[in-house]
Amino acid sequence: MKNKTSIQGSWASRWIFILAATGSAVGLGNIWKFPYITGENGGGAFVLVYLACILMVGIPIMMAEVFIGRRARKNPINALADVAEESESTKKWGVIGLMGMLSGVLIFSFYSVVGGWVLHYIKVMLTGEMIGVTSDAAGSAFGALLADPATLLGWHTLFSIMSIAVVAAGINKGIETATRIMMPALFVLLIILVGYAMTTGGFAQGWNFMFEFDFSKLTWNAALVALGHSFFTLSLGMGTIMAYGSYMTKDASIGKTVLAIGGLDTLVALVAGLAIFPIIFSNGMDPAAGPGLMFISLPVAFGQMAFGQLFGVLFFVLIGVAAWTSAISLLEPTVAFLVERLKIKRITAAVGLGIIVWGLGIACLGSFSFMSDVTFFGKNTFDFFDYITANIMLPLGGIFIALFAGWVVKDKFAQDELQLPSAVFKLWNISMKYTAPIAVAIVLYFLINPMQ
């Protein structure tokens, strides 16, 4: 498979791939969730445990996804099938890619609804609707938004079109061009917001919340949280990294590239915390507010601060960019599959898939109003799609990818792509065969059976 090329094209450089994959990894939950779980579980001590989990679980699985994609130069289903056949195994391993792609489609359907919330709040901050409002009023406004399907449909539709348009334009003119613009913009916005946070009077408290070493908080639950986040933060198990890897040039080092992605993803999450939590603490608000932190607490805080309207707009633009880059990556694997399998134009594949995910999104936004009575195992459509993807499909995909890379793919093929020093390759191989699948299986167990 050494001389294969993807019919989709290839990244212009290794750094474009790094930025695209980082854009996929840095999403809505990453920006508010990781800083919070860091502060709640020992600060700097938790970061050390998290980085260890990244190195032992997240990075090795990501390397596997990248080398499988690059070796086959195809979409996740065909890549897994081809690499399995090359290693004299059954092509039925391609079903892992199918599960990952289905996960991406289901995630996009509700992710686009949340992306629509973000677009709505950019408008809200621009018009000054949050200036001087109370927490109760902000909460009521968010509740009114959820109960308004027409408004949600408009924003969901806009966000879907934004994402579909980038994917339809192709790897170089679409995703790569968007990445070149959006990722530097994200970094600049983060730096500006951190600078603003330093003027709020709560910066020291925010810094201590996130980075103070408190080993007494390093419980078993904290380690489990670190382990789980180390897997989910890198967009593993949904075929995205495999698809992006298929566009990676042969001369680029997979190991160095994946380490850079993991490092950038962690850095962005930590810096985002330094932008968010000083504002929260300076206004005496609760950092544990979850999604409400983003759509209730922070708008109230910006509405009460000097230059708050301007920086509130910048904050939600930042969140919008993070959501957009992630959403694009959710669609790409399935679009690549449709182009390669059905031999249709990319724009046709993107629009066709876009209509499907847009329709599923209507069911998700309806979960808060006209479809609130429709439930699956006691959950509305929005929550069910979230649960089944995050708690079951993605962990299962990660486990099977690790087992596939460790037990099915012949070592000579894996090493031909990875080009690791012998000792490092042995460690990676041990991680694929034992460490990573066992670790993700533990995450899967506790996601299904949470500790009380």
Side-chain angles (χ1 to χ4, degrees), residues 27-37 39-40 110-156 158-159 189-190 192-194 196-197 199-203 205-206 209 272-323 364-369 372 380 382-383 386:
L28 294 171
N30 185 273
I31 286 179
W32 68 261
K33 183 179 179 181
F34 180 66
Y36 170 68
I37 61 176
E40 284 293 282
F110 64 83
Y111 200 84
S112 180
V113 175
V114 181
W117 300 351
V118 177
L119 296 180
H120 173 77
Y121 271 83
I122 293 174
K123 189 269 292 185
V124 166
M125 298 309 297
L126 274 170
T127 56
E129 294 174 40
M130 286 293 166
I131 295 176
V133 300
T134 64
S135 293
D136 288 342
S140 296
F142 184 53
L145 172 66
L146 297 186
D148 183 355
T151 299
L152 289 181
L153 177 61
W155 291 118
H156 159 60
L158 177 58
F159 188 85
L189 286 169
L190 266 179
I192 292 172
L193 286 165
V194 169
Y196 178 64
T199 70
T200 62
F203 190 78
Q205 190 176 358
F209 176 74
L274 292 178
I276 294 171
F277 289 113
I279 296 172
I280 291 298
F281 286 123
S282 65
N283 285 273
M285 295 177 172
D286 181 10
L293 175 73
M294 190 179 300
F295 297 107
I296 299 174
S297 300
L298 282 170
V300 171
F302 284 122
Q304 296 173 350
M305 301 170 69
F307 306 106
Q309 183 177 357
L310 169 63
F311 287 98
V313 171
L314 293 179
F315 172 77
F316 280 103
V317 169
L318 165 71
I319 301 300
V321 169
C364 290
L365 68 86
S367 298
F368 306 105
S369 53
S372 59
N380 63 33
F382 186 105
D383 291 337
D386 184 14

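As a basis for the values below, the full set of heavy atoms in this structure was taken, side chains included, without hydrogen atoms, waters or symmetry mates.
- Screening Leu189, Ile319, Leu190 for a side-chain contact (heavy atoms from CB on, under 4.5 Å) with Leu314, the sole residue that qualifies is Leu189.
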So Val118 and Phe159, side chain to side chain contact (heavy atoms under 4.5 Å, CB included) or not? Walk me through it. CA-CA 9 Å; Val118 177; Phe159 188 85; over 6 Å; no
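- When side chains are defined from C-beta on, Ser367 does not count as touching Asp383, because their heavy atoms never get closer than 4.5 Å.
- A parallel orientation is assigned to the rings of Tyr196 and Phe311, their planes being inclined by less than 30° (bins at 30° and 60°).
- In this structure the side chain of Leu318 reaches within 4.5 angstrom of the side chain of Leu193, judged on heavy atoms.
- The side-chain heavy atoms of Ile276 and Phe315, taken from C-beta on, include a pair separated by under 4.5 Å.
- For Gln205, there are no side chain to side chain donor-acceptor pair (under 3.5 Å) partners two or more places apart in sequence or in a different chain.
- For the atom pair Met305 CE and Leu298 CG, the distance stands at 9.5 Å (nearest 0.5 Å).
- The side-chain heavy atoms of Leu365 and Trp155, taken from C-beta on, include no pair separated by under 4.5 Å.
- The aromatic rings of Phe281 and Phe209 sit perpendicular, their planes meeting at an angle over 60°, well past the 30° parallel limit.
- Under the side chain to side chain donor-acceptor pair (under 3.5 Å) criterion, Asp148 pairs with Thr151, sequence neighbours left out.
- Contacts of Thr127 classified as side chain to side chain donor-acceptor pair (under 3.5 Å), with partners at least two apart in sequence or in another chain: Glu129.
- No donor-acceptor distance shorter than 3.5 angstrom exists from the side chain of Asp386 to the backbone of Phe382, with no hydrogens or angles considered.
- Counting all heavy atoms, side chain and backbone alike, Ala322 lies closest to Tyr111 at O-OH, 4.2 Å.
- In this structure, the side chain of Gln309 does not engage the main chain of Phe302 through any donor-acceptor pair within 3.5 Å.
- Separating the CG atom in Leu152 from the CG atom in Leu146 is a distance of 6.5 Å, to the nearest 0.5 Å.
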Please lay out, stage by stage, how Phe316 and Lys123 fare under the test side chain to side chain contact (heavy atoms under 4.5 Å, CB included). CA-CA 9 Å; Phe316 280 103; Lys123 189 269 292 185; over 6 Å; no
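- The CH2 atom of Trp117 sits 15.0 Å away from atom CD1 of Ile122, with the distance rounded to the nearest 0.5 Å.
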